[in-house]
Structure formats: C-alpha cells, structure tokens
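Okay, so here's the structure we're looking at.
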Amino acid sequence: MSSDYSTLLLGAGFTALVLVYLSQQGKRKSPAPLPPGPKGLPLLGNVADLPQTQPWVTFAEFGRKYGGITYLTALGKHIIVLNDPKYATEMLDKKSRIYSDRPTLVMAGQLVGWDKGPALIPFSQQWSEYRRLFAQLMGTRSKIDDFNDLFHEETHTFLRNLLETPNSWLDHCRRYAGALVLRVAFGYKVKVKEDPLVKLVDEAMDNFSETTASNAFMVDVFPSLQYVPAWFPGAEWKRKATKYHKTLAEMLEVPFAWVKQQMVAGTADSCFVSKQLENKSMTPEEELTIKWTAGGIYSGGADTTVAHMECFFMAMALHVDAQQKAQAEMESVLGVGVLPTLADRGRLPYFEAMFTEVYRCYTLGPTGLPHVCTQDDVHDGYFIPKGSIIFTNVWQFLRDPKTYSDPDKFSPERFMESPSHEKEKDPKNYVFGFGRRACPGMHFADASLWILLASLVAGFDIRPPVKDGQTVLPSGKFADGSISHPEHFDCVITPRQGTLQSIIRS
Ligand code: HEM
C-alpha cells in the first residue's frame, strides 16, 4: 500500500514538474528582463537556494550579490525578494492595486484554515469587509483614544504583577497583550493567572507563526504532498495540521459563543462583537465575518505585542546606559516615582527615540508577510510576472546604511532632531508592512506598547543577570517564525524608588 502511494506521489510530482517545464517552454517573450538572481536548476529552479531558517540573513546575502531586487523561481513559482526599501515603497505602497494579494499557503492556509482570515485571505471583497470593520474600530490615532483607559488600567495590573513576581515577566507580558485584545474584541476580562482564553490564543498564534514562516513546510513547496495521509511515515506535519486546525476552530468559536451567552444573560460588556451583534439578525456568513475580524484582532494583536515587549526587555538588558538616560528624563519631566500617561507622550523625546530605536534594531517581523502581484508589471526596467510572491526583507531595510547612519549601533539619538542632525526615517514605515495590506492594528499596537513600556522604564530597573561574576547578556538572536521572538534570555528586574507608592496610587 505505502509503496503504491509513494509511486503515485512521485508520479504526480513528476507530472507536475513536466507540466511546469512545458508551460515555461511555451511562454510568450517577457516585455523586459527578470530581476537578477541566483541561477536555478532546470525544473526545480532555486528550491535549494531558499532558506529554511533565518531567511532574512540569506535574503540579505542575495541583496549584497544581486542588488535591491532579486528574482528566484521554485517549481514554476516566481519569487521576488526586496532588500532595498525604495522598491517596497514604489511597488507595494504606490502600486498597491496590483501588489496586495497573498500567496496560497498550503500548510497555514488550506490545511490549518488561516486562509479565510484577514491576514491570509486573498485580495477580495471579503478582505475589504474585514478592513472596513478594522478601520471603524481602530483605523486612526483618534479612534485609539477610546482605548486609553483600558491601556492605563492593564498597564497598572502589569506593573503590580511585575512587582510581585518579577521573574515571571514574560507571563505578565502575555497576560497584558491577551487582556487588551480579549477586552476589545469580546469584553472578556482576563483572570490574573493562567487564563484559559489567553492560553488558547497563544497556542493558536504559535501555530500561525510556525506554519507561516517562509519555506518551513515542504508541502508549501510541493503542494501534492497534502494528499499524504496522516498515518504515512514521516507525515508528522500532517498530524500537526489536524491539531492546529482544531485549535484555530476553537479560537474562533469559544470566545464568540461566550459573548453571545453574556448578551442573552444581559451581562455582556460593550465590545467589538457585542456592538456588531446588537439588535441585528445576521446570516451565518455575516456572523463568520464578525468571528474572523474579532479573531484578527487578537490573532494579529496578541503574539506581535508580546514579541515586541520581549524585544524591548532585551534592548533594556543590553543597553543599560540608554535606559538610565530615559529614566533621568522621566524624573526631570514628571518627577521621581511618577508614572507617565499617554498624555505625556510629547514630553519625553529621549524615551520616544529609544522606543523607536527598539522597533528598528529588534524587529519581530523580519520578512513581513508576503504579498502577491495580481498582474504582470514592469518595474524599474524589470519584468515582474503576475503571481510573483514578494518578500520584503524588513530586517535589511532597517540596517540599510543609506537610510540609517552606523546601522549596527543602538542609538536612540538618531531619532532626535537637532540643528546639526535630521531625524532618521521612522522604522514604523517598514515594520507594520506596506500598501493596502499594512497592519490595521498599528495605531493600537503603538499606543498600547508605548504606555506599557514607558511605565516599565519609569518604575523598574532592568539588568542582565550576573552569574559567577560574569554578566550574562542576551544573545540578541531571534527564533524562526513569521512572528520572530528573541531567543530566551534572563533579566533581573527591580523596582525603582517610589515605584510601590506610584503603583498603589494608580
Ligand atoms: C508590534 C505590533 C505589531 C506589528 C509589528 C505588526 C506587524 C504587521 C505586519 C508586518 C503585517 C503585514 C503587513 C503587510 O502585509 O504588508 C500585519 C498585518 C496585520 N496585522 Fe499587525 N502588527 C502588530 C500588531 C497588530 C495588532 C495590535 C493588531 C490588531 C489589533 C494587528 C492586526 C493585523 C491584521 C489583521 C493584519 C492582516 C492585514 C491584511 O492582511 O490586510 N496587528 N501586521
């Protein structure tokens, strides 16, 4: 049986390769040359050149060899890697009408089921509907003001938790991110410890990040592998897909059903879902749109926020001098032991610059999410075939010496204006993505992170631990995944003078 199956698969694979080859032979002449790139093998193309881990490093090497735009092909798929931000701006921002589709991801999309949600759904009417709902809720800075009380309240819970158990700082970060998005989407108040919904969201998002990491699953390279049965030797990934699909279904259904129950009982807090359902009878399709948009709020917002908080803790452990400068600024502007509020944002220029430098130096989305081009295009004299998958190497954009002076140095000062120095480009232009697919939660993320991290710096000292007389610094390395977390590190967190009083007062 198994050998029959392998033969069938090999046969299907071979036939697919021949079809790809024949279709390539019959192609019309390109209107311009393809961008430069590594020479591929016949039929397979550059399959062997595509990195399975830390793709941003290999992509940057392509950039050094071939310039800001590189072309690769894998089994007939066209792949474009952008290492120069000017291409991302010119193509994905300015020509967003044709550069806003997503690739078909077999593992994350078709098998696990994320292809119906806002982040992976094709550029379509249904996608516009999701974006309309996001824009209504959090599309502008002024709409974010509606969430200020929530941000402050949850920040103070975070600080109290940190004061009590500083070594569990990562759990407190997860709780903060989960609490915000679950309140906004479902009016759900997170329990202090081990909340089951936070756990569910975290699990679903770990799965999302793992399955959308570029080139992580062979089934995305060889789609015919999806027909391998789960019992097939070596088909561990197929069993994973089934398990992850179940987690995703729970992530969509469980909190939604909870809001409905609360509404029936008359105890629902006002939130995105309750406002949508209020006094309306909905078709199952309309309900599904609401479930997925709510799902997009917490799936888009939870793990990204946690990863950024980890980056910030890491930056503080690595750059104690900058941390102390920000603390001195806070003490002189706000007073000793006074916690900042969002209203203070314009009064803390050094902290703002340090906050911005963390976005630049330690990015959680080093290769963003890929876009797909829906029409043939000729850009900068290069042919971009319809269907090309476009990767933006944001990690490299943020290290481009044409944009950032001395890019390997952690230097908040680069974002401070002085008569002799112009502010360098805001990394938020890159880290939240491009064009019509740019992150709809960017204002929400930025404000919720600012208040939490400013309060953290005001209230606590963060230091690398000392073991056997040696300071143990974080490695500064990042794990694989489309949402990339720093490798595990320890830090020592101690309250600053007046912290206890200011937290009790808050
Ligand atoms: C530091 C925090 C965050 C970062 C760095 C981030 C970054 C990104 C990036 C790079 C993309 C892909 C953009 C593109 O394709 O060009 C994206 C998409 C998305 N983000 Fe965020 N994000 C963050 C927080 C959030 C939050 C808080 C929410 C919701 C509350 C959210 C919801 C989404 C959604 C729904 C999409 C899919 C948009 C689409 O495909 O049309 N994100 N984000």
Side-chain angles (χ1 to χ4, degrees), residues 82 85 88-89 91-93 96 99-103 105 109 114-124 126-139 143-144 147 150-151 173 176-186 201 205 208-209 212 271-272 292-312 355-356 358-360 362-372 389-395 397-398 427-450 452-453 482-485:
L82 304 180
T89 311
M91 294 161 76
L92 308 189
D93 283 343
S96 65
Y99 280 100
S100 294
D101 208 2
R102 292 281 192 222
L105 294 182
W114 285 102
D115 56 355
K116 308 204 178 35
L120 295 191
I121 195 170
F123 189 51
S124 57
Q126 181 60 29
W127 167 82
S128 309
E129 186 52 18
Y130 292 144
R131 295 293 301 214
R132 186 184 69 75
L133 291 166
F134 272 115
Q136 236 173 40
L137 183 71
M138 51 177 70
K143 284 186 192 284
I144 302 305
F147 304 116
L150 172 65
F151 295 157
C173 292
Y176 177 73
L180 288 186
V181 289
L182 289 168
R183 274 283 276 284
V184 170
F186 305 105
V201 174
M205 286 319 296
F208 176 84
S209 184
T212 50
C271 62
F272 169 74
W292 266 114
T293 312
I297 297 172
Y298 61 95
S299 60
D303 198 33
T304 45
T305 303
V306 175
H308 189 81
M309 288 162 81
E310 286 175 72
C311 292
F312 191 90
F355 178 71
T356 309
V358 176
Y359 274 124
R360 187 192 73 84
Y362 307 108
T363 175
L364 64 97
T367 53
L369 280 180
H371 288 219
V372 164
I389 302 172
I390 322 283
F391 285 99
T392 47
N393 194 2
V394 172
W395 182 82
F397 296 174
L398 298 169
K428 292 199 280 295
N429 287 305
Y430 304 144
V431 297
F432 287 108
F434 299 92
R436 298 187 199 192
R437 297 298 299 227
C439 177
M442 69 175 108
H443 301 305
F444 184 93
D446 189 56
S448 65
L449 285 165
W450 189 93
L452 182 105
L453 299 172
S482 61
I483 301 171
S484 185
H485 293 252

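Whatever order the structure lists ligands and atoms in, that order sets their numbers, starting from 1. Nothing fancy with the numbering, it's 1 onward along the sequence.
- Of all protein heavy atoms, the one closest to atom 16 (O) of ligand 1 is His371 NE2, 2.7 Å.
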Trace of the side chain to side chain contact (heavy atoms under 4.5 Å, CB included) decision for Val358 with His308: CA-CA 9 Å; Val358 176; His308 189 81; 4.2 Å; yes
Test side chain to side chain contact (heavy atoms under 4.5 Å, CB included) applied to Trp127 and Arg436, step by step: CA-CA 11 Å; Trp127 167 82; Arg436 298 187 199 192; 3.8 Å; yes
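- Under 4.0 Å from ligand 1, the heavy atoms of Trp127 that appear belong solely to its side chain.
- Looking only at side-chain heavy atoms (C-beta outward), Pro118 and Trp292 come within less than 4.5 Å of each other.
- Neighbouring protein atoms of atom 21 (Fe) of ligand 1 (N, O or S, distance under 2.8 Å, waters ignored): Cys439 SG.
- Note: Tyr359 and Phe355 have perpendicular aromatic rings, judged against thresholds of 30 and 60 degrees for the angle between ring planes.
- By the 30° and 60° cut-offs, the orientation of the rings of Phe434 relative to Phe397 is perpendicular.
- At a 3.5 angstrom cut-off on N or O pairs, Phe434 counts as close to ligand 1.
- Using a 4.0 Å cutoff on heavy atoms, Val431 counts as a contact of ligand 1.
- Here is the list of ligand 1 atoms found below 4.0 Å of a heavy atom in Phe134: 35 (C).
- Every atom of ligand 1 is numbered from 1 in the order shown, and the set under 4.0 Å from a heavy atom of Met138 is 30 (C).
- Applying ring pair (Phe, Tyr, Trp, His ring centres under 6.0 Å) to Tyr298 and the options Phe186, Phe208, Phe272 leaves one that passes, Phe186.
- Inter-residue side-chain proximity for Asp93 and Tyr99 is flagged as unmet; no heavy-atom pair is nearer than 4.5 Å.
- Residue-level proximity to ligand 1 for Ile121 is absent, since no heavy atom of it falls below 4.0 angstrom.
- Using a 4.5 Å heavy-atom cutoff, the side chains of Val181 and Val201 are not in contact.
- Ranking the protein heavy atoms by distance from atom 13 (C) of ligand 1 puts Arg437 O, 3.2 Å first.
- In terms of the salt bridge (Lys or Arg N to Asp or Glu O under 4.0 Å) criterion, Arg131 has no residue partners (sequence neighbours excluded).
- Using a 4.5 Å cut-off on side-chain heavy atoms (C-beta onward), Phe444 and Phe151 make contact.
- In this structure the side chain of Asp115 never reaches within 4.5 angstrom of the side chain of Leu105, judged on heavy atoms.
- In this structure, atom 29 (C) of ligand 1 lies nearest to the protein heavy atom Ile297 O, 3.6 Å.
- When all heavy atoms of Tyr130 and Gly117 are compared, the pair lying nearest together is CE1-C, 3.9 Å.
- Residue contacts with ligand 1: Arg102 is placed with a nitrogen or oxygen under 3.5 Å of a nitrogen or oxygen of the ligand (distance criterion only).
- At under 3.5 Å, a nitrogen or oxygen of Arg131, whether backbone or side chain, sits near a nitrogen or oxygen of ligand 1.
- Nearest protein neighbour of atom 1 (C) of ligand 1, counting heavy atoms only, is Leu449 CD1, 3.8 Å.
- Here Tyr298 has no heavy atoms under 4.0 Å from ligand 1, in either its backbone or its side chain.
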